[in-house]
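Okay, here's the structure, questions in a sec.
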Amino acid sequence: MLLAGKKGLIYGVRNERSIAWGCAQSLAREGASLALTFLGEREEKDVRKLAPTLPNDAVKVIAQCDLTNEEHIAALHQQLRADFGTLDFVVHAVAFAKKEDLSGRYVETSADGFALALNVSAYTFVAAARAAEPLMTNGGGALVTLSYIGGERVVPNYNVAGISKAALESSVRYLANDLGPQNIRVNAISAGPTMTLSARGITGFTDMYKVHGQVSPLRHSTTIDEVGDACAFLVSPWARGVTGEVLYVDSGYHILGFPTMPTE
Ligand code: IMJ
């Protein structure tokens, strides 16, 4: 097993469709011990139900952590120090923008909507990195976050979430430079559209999801297990020379200059 003896923390499991859950399944399958966090009471029930279904009795810790709350972060890392001693990896799959800021014209975004989206979707990765660093003393560590092509190119309705992903991807590079000397690697996975709670119900999402599956070189939509396996690679010794990188797990969609519907 690729990750035998490794210990990691995953933020962002909401339900069985979550990208964070795809990561949890791959990391557990490869022998890692895991800590899972939940946001509040509603999310706690679902995470506690899912955790025991992972292979290899992977989940050792389940704890509340709203990443915008410094006290939650401190308490979580105190518990991890007690239960794990050291930490090998962190997976961050967290984002939020106001619903009203995910449709219409980006130019209408309010100052508080902008601040909220950037704080939850980009700054929380910095906060997670800062908290994890003192525990990553077992020869280094790895941080992985989730991004989307809407951070680089204009995607209809992605709006302020795209600006958050641009800040997040830039953070990946600055954090990689800060933490590299401690052998802590920092990378992002830019996932294609997946059928998660964060995407369904978004205006135009279902059509974009379908088109992606038809025009992308591999001709299928992105699944959470594809993202999970890439995540396992990035936190593993096989990626020991990789940091500050954005790895596309999108069926190759991002290489296309002019996505075209195949004629047959
Ligand atoms: C989100 C909005 C618009 C277009 C979109 C998406 N496309 C995709 C997404 C094409 C794939 C999903 N995505 C990549 C996200 O990062 C979603 C973030 C998100 C979703 C919600 C929905 C519910 C809510 N706030 C949100 N904040 C961020 O209230």
Side-chain angles (χ1 to χ4, degrees), residues 10-23 38-40 42-43 46 66-68 91-125 128 144-172 188-216 218 220-228 230-231 246-254 256 259:
I10 305 178
Y11 297 104
V13 175
R14 177 61 189 85
N15 61 28
E16 73 287 347
R17 299 183 135 155
S18 299
I19 290 179
W21 183 243
C23 295
F38 57 87
L39 184 62
R42 192 173 18 149
E43 291 79 16
D46 295 305
D66 173 345
L67 265 171
T68 65
V91 178
H92 171 275
V94 174
F96 187 77
K98 290 191 206 179
K99 184 104 191 182
E100 70 214 52
D101 291 332
L102 295 175
S103 68
R105 280 157 39 100
Y106 170 65
V107 71
E108 311 288 351
T109 306
S110 65
D112 66 309
F114 186 97
L116 176 70
L118 272 283
N119 187 40
V120 176
S121 312
Y123 185 72
T124 57
F125 188 52
V144 175
T145 188
L146 269 299
S147 193
Y148 179 60
I149 198 171
E152 303 164 74
R153 321 238 189 107
V154 175
V155 171
N157 300 320
Y158 201 57
N159 295 2
V160 75
I163 285 72
S164 306
K165 293 306 191 190
L168 180 68
E169 290 185 15
S170 192
S171 275
V172 164
I189 294 170
S190 185
T194 54
M195 270 293 172
T196 65
L197 205 55
S198 280
R200 299 167 79 212
I202 297 286
T203 313
F205 171 78
T206 306
D207 289 335
M208 282 186 270
Y209 177 85
K210 282 191 197 143
V211 168
H212 182 103
Q214 291 167 330
V215 306
S216 60
L218 293 178
H220 64 79
S221 299
T222 304
T223 60
I224 62 169
D225 60 282
E226 293 173 337
V227 178
C231 179
V246 179
L247 176 62
Y248 292 82
V249 180
D250 68 346
S251 292
Y253 181 88
H254 72 105
L256 301 174

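Both ligands and their constituent atoms are indexed starting at 1 by order of listing.
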Nearest protein heavy atom with distance in Å, relative to atom 20 (C) of ligand 1: Ser198 O, 2.9 Å

Could you tell me which atoms of ligand 1, counted from 1 in the order shown, lie closer than 4.0 angstrom to a heavy atom of Met208? 10 (C)

State the atoms of ligand 1, each with its element, that fall below the 4.0 Å cut-off from a heavy-atom position in Phe205. 7 (N), 8 (C), 11 (C)

For atom 28 (C) of ligand 1, grab the closest protein heavy atom and report residue, atom and distance to one decimal in Å. Ala97 N, 3.5 Å

Evaluate His212 against Ser251 for side chain to side chain donor-acceptor pair (under 3.5 Å), listing each step before the verdict. CA-CA 9 Å; His212 182 103; Ser251 292; 4.6 Å; no

Looking at ligand 1, does any of its N/O atoms fall within less than 3.5 Å of an N/O of Lys165? no

I need the atoms of ligand 1 closer than 4.0 Å to a non-hydrogen atom of Leu102, numbered in the order shown. 20 (C), 21 (C), 25 (N), 26 (C), 27 (N), 28 (C)

Any idea which protein heavy atom is nearest atom 29 (O) of ligand 1, and the distance to it? Phe96 CE1, 3.4 Å

Do the side chains of Ser103 and Asn157 get nearer than 4.5 Å, heavy atoms only? yes

What's the spacing between Ile19 CD1 and Asp225 CG if we round to 0.5 Å? 11.5 Å

Identify, by atom number and element, the atoms of ligand 1 in contact range of Ile202, meaning under 4.0 Å from any of its heavy atoms. 1 (C), 2 (C), 3 (C), 4 (C), 22 (C)

Near Asn157 (heavy-atom distance under 4.0 Å), the atoms of ligand 1 are 3 (C)

How far is atom 12 (C) of ligand 1 from its nearest protein heavy atom, and which residue and atom is that? Ala199 CB, 3.9 Å

What part of Tyr158, side chain from CB on, backbone N/CA/C/O, both or neither, has a heavy atom under 4.0 Å from ligand 1? both

Please indicate, with yes or no, if any protein heavy atom is found under 4.0 Å from atom 6 (C) of ligand 1? yes

More than 12 heavy atoms of other groups within 6.0 Å of Tyr253 OH: no

Take atom NZ in Lys210; do more than 12 heavy atoms of anything else shown fall under 6.0 Å from it? no

Atom pair OG/NZ of Ser170 and Lys165 - distance to nearest 0.5 Å: 14.0 Å

Atom 10 (C) of ligand 1: nearest protein contact (heavy atom, Å): Tyr148 OH, 3.3 Å

Ala128 versus Leu67, closest heavy-atom pair with distance: CB-CD2, 4.2 Å

Shortest non-hydrogen contact between Asp250 and Ala191, atoms and distance: CB-C, 4.4 Å

For Cys23 and Ile10 the tightest heavy-atom approach is C-CD1, 4.5 Å

